[in-house]
Amino acid sequence: MRKSYIVIALLLIAGIISICFAHELVNSEKDTVEVDETTLYGDKQAAYGLEILTSTSLDRHLFWNTRHVTGEAPLTETEYEFSQSPRSPVYQLHYNPVEFTSIFSYAGSSTSGNIDLDDTGYASASALYKAVADNTAPGEARTEKLNVSDFYEFYPIEAHMYEFEGNLAVNETTQKSFAEYFRVPVYKGHAVDVTIEKHAAGNITRLDISSVNGGEIRLETPCVTVGDSRYFLPMFTTASGTQLDTSYIKGGYGIYRLPLDADAYPDRVLTADMLEVIYPIDTSAAKPITLKASPDGDKLLLVTADDGRYALTVIDTATSAVLQKLPLMSVTGDDFRDIAIFGSFIMPYTNNGRFAVLPLGPSGEYTVSFVIDSDHDDEQIATLYDAFSADFDGEKLAVASYGSIWETGRYDTCTVMLYVFDKTGLLYHGRYRTGLGRAIMNGSLNCSPYGGAPISVSWRR
């Protein structure tokens with residue numbers, strides 16, 4: 001017992017020493033943080049006049065908010081804080097208020113235990129399960145490949161609705177209503193493997209279902225809320241991206257508007273009866289990609305793939321009228337990622353570093369300032385991550401994100417990567433690394449970005 005107390009005491013002392021060591025390690029440099037700039041491509045003068053703000057942390061105890069201004073005489077300032085107790089960042093969680101799911105939208109599903117196929121939890125694929133169960137002897141396991149269309153004409157689809165206020169109920173009536181509205185036929189050739197295992201007494205103890213050769217369906221539904229309306233775009237495709245047949249959907253296919261006012265619904269129960277198609281989409285001519293809203297909520301931003309090129313359609317939320325249709329980047333596979341929305345411009349971008357810059361003019365219309373539609377020799381611009389910041393001054397676009405450096409057996413993830421573009425392409429790519437990052441690396445400690453928006457970049461106007 002005495003030895004146990006000694007070991008515990010030593011561990012406690014070691015923990016205290018490590019925190020004190022970390023504190024002292026950076027304390028001498030906390031007010032004199034230096035930033036080393038390394039030009040990886042182009043002329044660094046293209047980046048003069050930028051302000052980069054970063055928030056970083058060590059083990060949730062040590063924190064730095066650093067401001068770096070680029071220029072002939074660069075300026076670096078930092079605020080340092082030490083917290084005796086670990087501090088967790090506060091993230092804003094985002095839930096998609098409208099979602100569709102199906103047992104056939106997963107690569108596979110497995111259940112074990114004492115299984116009764118008459119339970120409602122198995123209703124979505126009970127016909128498939130029972131077909132194999134009828135052929136499975138007690139004490140055996142059996143797998144059969146089944147064609148989904150032999151059992152279902154339309155996919156069993158479940159609707160999930162969240163964040164509805166005003167005592168608006170979401171219940172079985174809601175599920176039935178939306179299932180009847182969104183009828184999507186089973187595509188030809190969709191097959192699944194179904195496995196049933198029975199105990200010696202004959203009761204089912206395991207069931208598995210999985211789509212054959214990655215044949216599951218995708219039911220992605222981008223959704224935005226504007227005022228008292230919720231707009232959503234159900235994108236029903238195969239796993240390979242082929243559009244499913246939407247011609248059987250009750251009210252037609254496109255962008256749907258769902259009112260949020262509970263008084264608009266009989267008995268205050270959410271149903272599909274109040275759905276309105278505010279913008280029809282012919283999927284034989286254009287493939288829907290994503291849906292967003294402008295910062296002020298006055299416009300819906302729809303991206304489609306049309307004849308080998310992405311296009312942006314701007315829709316007035318008040319009248320449902322089409323305000324603009326603008327060409328974006330060319331389509332090179334299933335590579336579109338998102339629309340980054342900033343205060344004065346938007347930036348649709350792909351997974352391979354291609355993007356468009358669209359500033360918002362005084363009249364409220366977007367214009368395509370320039371499009372970067374080809375991969376650059378600089379491989380480090382190949383991916384724009386979700387956690388990047390950008391600013392556009394009317395001619396040049398600055399993009400900042402965190403990168404990483406592998407050194408002394410670990411990553412320094414507090415390094416900033418800075419890019420500057422104009423209509424001719426990439427002007428500059430630089431790497432910005434702090435002295436604190438190096439000190440931490442040398443001390444075998446890790447620095448990491450901290451908070452929900454740990455980096456921002458802006459032109460000093």
Side-chain angles (χ1 to χ4, degrees), residues 35 37-54 67-72 74 290 292 294-295 299 301 303 309-312 314 324 326-330 332 335-362 364-403 415-432 453-461:
V35 174
E37 183 270 344
T38 302
T39 299
L40 302 176
Y41 176 86
D43 183 357
K44 67 179 181 181
Q45 291 188 19
Y48 282 3
L50 283 170
E51 180 180 75
I52 306 169
L53 306 177
T54 60
R67 172 177 176 262
H68 180 75
V69 179
T70 60
E72 193 69 43
T290 194
K292 289 289 187 74
S294 61
K299 307 174 187 66
L301 309 175
V303 175
R309 181 167 291 277
Y310 294 115
L312 174 72
V314 183
Q324 295 177 270
L326 303 168
L328 302 175
M329 304 80 69
S330 59
T332 59
D335 64 347
F336 192 89
R337 188 176 182 93
D338 202 0
I339 306 175
I341 297 179
F342 302 96
S344 60
F345 71 101
I346 61 174
M347 182 179 164
Y349 64 102
T350 69
N351 285 319
N352 54 8
R354 299 180 302 116
F355 58 87
V357 179
L358 289 81
L360 184 66
E365 291 190 342
Y366 289 102
T367 57
V368 180
S369 182
F370 61 85
V371 176
I372 300 298
D373 204 13
S374 61
D375 299 336
H376 195 272
D377 292 338
D378 184 356
E379 295 180 356
Q380 296 187 69
I381 192 59
T383 301
L384 289 173
Y385 297 96
D386 290 333
F388 72 87
S389 176
D391 193 25
F392 183 59
D393 67 357
E395 295 184 359
K396 294 187 295 184
L397 175 78
V399 179
S401 65
Y402 285 105
T415 296
V416 172
M417 296 296 184
L418 179 64
Y419 310 88
V420 178
F421 299 87
D422 70 2
K423 62 182 180 181
T424 66
L426 181 64
L427 300 177
Y428 168 78
H429 177 197
R431 182 175 65 213
Y432 293 76
I455 190 169
S456 71
V457 63
S458 59
W459 294 101
R460 302 186 73 197
R461 296 176 173 85

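Counting from 1, the numbers follow the sequence of the chain as shown. Since we're looking at a predicted model, the values are computed, not measured. Reckoned from all heavy atoms, side chains included, excluding hydrogens, waters and symmetry mates.
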Query raised in the report: Taking the six-membered ring for Trp, are Y428 and Y41 ring centroids under 6.0 Å apart?
Result: no

Query raised in the report: Would you call R431-E37 a salt bridge at under 4.0 Å N-O?
Result: no

Query raised in the report: So, for F388 and Y402, is the gap between ring centers shorter than 6.0 Å?
Result: no

Report task. Check for a donor-acceptor pair, side chain of W459 on one end and backbone N or O of D391 on the other, with a separation under 3.5 Å. Result -> yes

Query raised in the report: Among side-chain atoms of S330 and D373, is any donor-acceptor pair under 3.5 angstrom?
Result: yes

Query raised in the report: Does the gap between the ring centers of Y310 and Y349 come in under 6.0 Å?
Result: no

Query - Check: T415 side chain, G403 main-chain N or O, donor-acceptor pair, under 3.5 Å - result: no

**Report entry** Any donor-acceptor N/O pair, R354 side chain to M329 backbone, under 3.5 Å
**Finding:** no

Query raised in the report: Just by modelled atom types, is the G49 backbone N or O under 3.5 Å from a matching donor or acceptor in the T70 side chain?
Result: yes

Report task. Test F392 against every option in V357, V399, L358 by the side chain to side chain contact (heavy atoms under 4.5 Å, CB included) rule and name the one that passes. Result -> V357

**Report entry** Backbone of Y366 reached by a side-chain donor or acceptor of Q324 within 3.5 Å
**Finding:** yes

Query raised in the report: With distance as the sole test, does K292 use its side chain to make a donor-acceptor pair with the main-chain N or O of I341 at under 3.5 Å?
Result: no

Report task. Verify the neighbour count for atom CZ of R460: are there more than 12 heavy atoms of other residues, nucleotides or ligands below 6.0 Å? Result -> no

**Report entry** Short side-chain to backbone donor-acceptor contact, K423 and S369, under 3.5 Å
**Finding:** no

Query raised in the report: Counting N and O atoms only, with roles assigned by atom type, does the side chain of D338 sit under 3.5 Å from a partner on the main chain of A340, one being a donor and the other an acceptor?
Result: no

